[in-house]
Asker: 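There's a structure below that I have some questions on.
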2 protein chains.
Amino acid sequence: MAEPRAQRPRIADVAREAGVSKTAVSFAFNSPERLAPDTASRIRNVAEQLGYTPHPVARMLTQRQTMTLGVLTPQALSVIFSNPFFGAFSEGVAVIAEEHGYGLHFISPLHGSLAQAMSRATIDGVVAVGLSAGHPEVEEIRRAGLPIVLVDSTALPEYASVDIDDVGGARAAGEYIASLGHRDVLVLGVEAPAPGGPGQAEVTTRRLRGYRDAFARVGVEIPGERMLAGPASIAGGVALMNRAWEDGLRPTAVLAMSDAMAIGAMHALRDLRVDVPGDVSVVGFDDIDLAPHVDPPLTTVHQPIRRKGEEAARLLLTVVERRDLAKPEHRRLETRLIVRASTGPVPNHRKEVAGDRH
Amino acid sequence: MAEPRAQRPRIADVAREAGVSKTAVSFAFNSPERLAPDTASRIRNVAEQLGYTPHPVARMLTQRQTMTLGVLTPQALSVIFSNPFFGAFSEGVAVIAEEHGYGLHFISPLHGSLAQAMSRATIDGVVAVGLSAGHPEVEEIRRAGLPIVLVDSTALPEYASVDIDDVGGARAAGEYIASLGHRDVLVLGVEAPAPGGPGQAEVTTRRLRGYRDAFARVGVEIPGERMLAGPASIAGGVALMNRAWEDGLRPTAVLAMSDAMAIGAMHALRDLRVDVPGDVSVVGFDDIDLAPHVDPPLTTVHQPIRRKGEEAARLLLTVVERRDLAKPEHRRLETRLIVRASTGPVPNHRKEVAGDRH
DNA sequence: ACAGTCAACTAAACCGGTTTGCTAAACCGG
DNA sequence: CCGGTTTAGCAAACCGGTTTAGTTGACTGT
């Protein structure tokens, strides 16, 4: 009396039950016009009552497409999802993917290997975010021969890409801070998730250049020790800010390369009884949805996060749908500074005669 | 001179090139011990230099597993990702999935049909969040015969599930608000994303019961008009709050069923020149990472969001890995009220002699 | 009455791997 | 030197669909 098998029915079962060939069943679903109308509907009835659904993997194999887009990140998904930036970005990708009937598959390093994760994923193309050219596995990844769109890294010019004006955005933030009189700043950068130990993400390099440009104009140099890098999360911001304080750093302004870090930094400062923006000004980067709602409302560099995801998905889909890989498109989105309440003038007692060095 | 074909190499190509059979190539990768050591390594060399990677779809087909977990939501991904709750939840799922070498595939209604999206997805099991028993497509979904873990819906007892003490959490919030003297409250509920027009999510029903329980104890009834439902996002909270205000509602406290909505409500109130918590108190639900950082810091019902994701993934994996479907486990996580600064006593001028009705 | 056309359907090949069952050669003890 | 066991590798079947290239029989026109 054991259950014979609770297997899902296969196409052959439907064919047998309906007294037709597998081909006919396939036609009933995919090209009903090739069957007599009543045959087609009879087959569909049988299928329905058997609870038959075509096996998606088998279908993919023959059709050579998966109707799925990948989102690849060099970080573990766990760190990625804790940054609101990523949620908004995914939202953008998801909107376009959904519109075109594609599903979404997230790819992160498997047992430390991105290439391995890639080779396991059944996708038609991939949006790679923050994949720097120096990543040890890019070569293996590109060899998969999949359509790729790069986000926030222009380093592989043969692929389409979407990024933002990091330098300009950071420069605007730096100039504003400099104009408030700040000369002693701390930069919080995002760490590259390189498997060979933390390095510096491309994004970090570009934004740092923007900050430095801005301060160079007022004759101030931002020394290397004034930049700390860590994970782009609230916790990361807290940790970095505390470390800086313990190291005796007493900047009048903090330039964070992500809103999450900025929020973390403000939290740490509050715990240290430091007033923001009275004692220390804080600027973020991203302008996440919550930036206006934190306390104090965050001054930050806006980037169109959702649109970034949308553009990336759109670019990818044009490559995926027509197989036309010609001239990869590079799209750069604008940034702009949004001044809110986390920034203010240098406190009087900290006004230095800095800028001129004597 | 046209490129012959830029195809990725197949197993047969490697076999030919190495002068062995397909079987041997397969063995070289999957059971090298069945081959002479030098044959195996020679094959792997050839494969390496040809850039061969086994086709993931073909592999799935024969191995009958995909090494991928699905996360299913009845809402569009675009609405889902805009709620920070979901990011944290996904983080929990992702941690466990990664640990076990599984990828993550997000499933949302395709052309309005969840069942269709399900049947396209190549996954070994699925975490279904907020899928109420009344959903028109549950029957089709369960027929896929996949392992399922339900989150925030206990309605299908034959599947394992993870949820939280919604009633208790809401009751705690309600009691606290009542104890502050509030008698005139507005409830912001989350809308069920039923394809047949917006209805009420299971979660909403349970939390509403908790609120009502609490107020019943002080002899106050929350009438139906005092509950508005909408999408669980900041924008949703803004919209609902404004609508309530326009409708002439002047509650002294707002009970929101999601932090995102609570934040939206506070934002709308600020725009209306209403002080929180001076004029109106606001309570959220979820305790997202940012809840302590908004202005004012949000009083809310804490639930272990990440752990919820982790538990769901763990439960799912035990079912997926041993095929043992016996006794589905139901796990309920605790909630607790976290009092911060968005709540306070009823303003003096609004103190009614309510509670006794004459 | 007969070649030609069309409609309705099917057998077999194919997608790209894995797995089973088998064979040939090498090895082994007596 | 011989039967039995291992070792190394292969051919073919299989996973569950789709697609190509027919096949069959009814219908058409002359």
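Numbers restart at 1 for each chain; the letters A, B, ... are given by sequence-line order, proteins then strands.
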Asker: Donor-acceptor pair under 3.5 Å: do we get one between A:K22's side chain and the base of D:dG16?
Answerer: no
Asker: Distance check needed: D:dT6 C1' versus B:L35 CG, whole Å only.
Answerer: 15 Å
Asker: Select from A:Y52 and B:A24 the residue whose nearest nucleotide in DNA chain D is closer to the 5' end of that strand.
Answerer: B:A24
Asker: Among D:dC10, C:dG17, C:dT10, which is the nearest nucleotide to the side chain of B:H55?
Answerer: C:dG17
Asker: Just do the side chain to side chain contact (heavy atoms under 4.5 Å, CB included) check on A:H100 and A:E321 with the steps written out, would you?
Answerer: CA-CA 10 Å; A:H100 290 246; A:E321 295 194 329; 3.9 Å; yes
Asker: Sort out the partner of C:dC28 for me: Watson-Crick or G-U wobble, both distances under 3.5 Å, none otherwise.
Answerer: D:dG3
Asker: Please state how far atom CZ in A:F27 lies from atom C1' in C:dA7, giving the value in whole angstrom units.
Answerer: 13 Å
Asker: Which nucleotide sits closest to the side chain of A:I11: D:dG9, D:dG17, C:dT18?
Answerer: D:dG17
Asker: Hey, which of these two, B:A12 or A:G19, hits DNA chain C nearer its 5' end, going by closest nucleotide?
Answerer: A:G19
Asker: Report the nucleotide, chosen from D:dG16, C:dC15, D:dG9, that has the shortest atom-to-atom distance to any side-chain atom of B:T39.
Answerer: D:dG9
Asker: Partner lookup for D:dT24, please. Criteria are Watson-Crick or G-U wobble with both distances under 3.5 angstrom; report none if nothing qualifies.
Answerer: C:dA7
Asker: When only distance counts, do a donor and an acceptor, one from the side chain of B:T62 and one from the base of C:dT19, lie under 3.5 Å apart?
Answerer: no
Asker: What is the separation between atom CD1 on B:I43 and atom C1' on D:dA8, rounded to the nearest whole Å?
Answerer: 11 Å
Asker: Between B:R59 and C:dT18, does any side-chain N or O lie under 4.0 Å from OP1 or OP2?
Answerer: yes
Asker: Starting at atom CD of B:Q65, determine the distance to atom P of D:dC15, rounded to an integer number of angstrom.
Answerer: 17 Å
Asker: With respect to A:I107, which candidate in A:I141, A:I123, A:V127, A:T73 satisfies the side-chain contact (heavy atoms from CB on, under 4.5 Å) definition?
Answerer: A:I123
Asker: If I take atom CZ in residue A:R64 and atom P in nucleotide D:dG17, what distance separates them, rounded to the nearest angstrom?
Answerer: 18 Å
Asker: Taking atom P of D:dA8 as reference, at what distance in whole Å does atom CD of B:E33 sit?
Answerer: 11 Å
Asker: Measure the distance from CG on B:L61 to P on D:dG17 and round it to the nearest whole Å.
Answerer: 9 Å
Asker: Can you name the nearest heavy-atom pair linking A:M67 to A:G101, along with the distance?
Answerer: CE-O, 3.6 Å
Asker: Any side-chain N or O of A:S21 below 4.0 angstrom from OP1/OP2 of C:dT10?
Answerer: yes
Asker: Can you identify which nucleotide, out of D:dT18, C:dT19, C:dT10, has its nearest atom closest to the B:Q63 side chain?
Answerer: C:dT19
Asker: Please work out whether the ring planes of B:F106 and B:F81 are parallel, tilted or perpendicular, with thresholds of 30° and 60°.
Answerer: tilted
Asker: Are any side-chain N or O atoms of B:S31 and backbone N or O atoms of B:R34, one a donor and one an acceptor, separated by less than 3.5 Å?
Answerer: no
Asker: Quick one: on DNA chain D, does A:S26 or A:R34 contact a more 5' nucleotide (nearest heavy atom)?
Answerer: A:S26
Asker: Does the pair A:E310/A:R306 count as a salt bridge with the N-to-O cut at 4.0 Å?
Answerer: no
Asker: Determine the contact category for A:V57: base if any of its heavy atoms lies under 4.0 Å from a base atom, sugar-phosphate if only primed atoms, P, OP1 or OP2 are that close, otherwise nothing.
Answerer: nothing
Asker: Check the distance between C:dT20's P and B:N30's CG and give it to me in whole angstrom.
Answerer: 12 Å
Asker: From the list C:dC15, C:dT19, D:dC15, which nucleotide is the closest neighbour of the side chain of B:R10?
Answerer: C:dC15
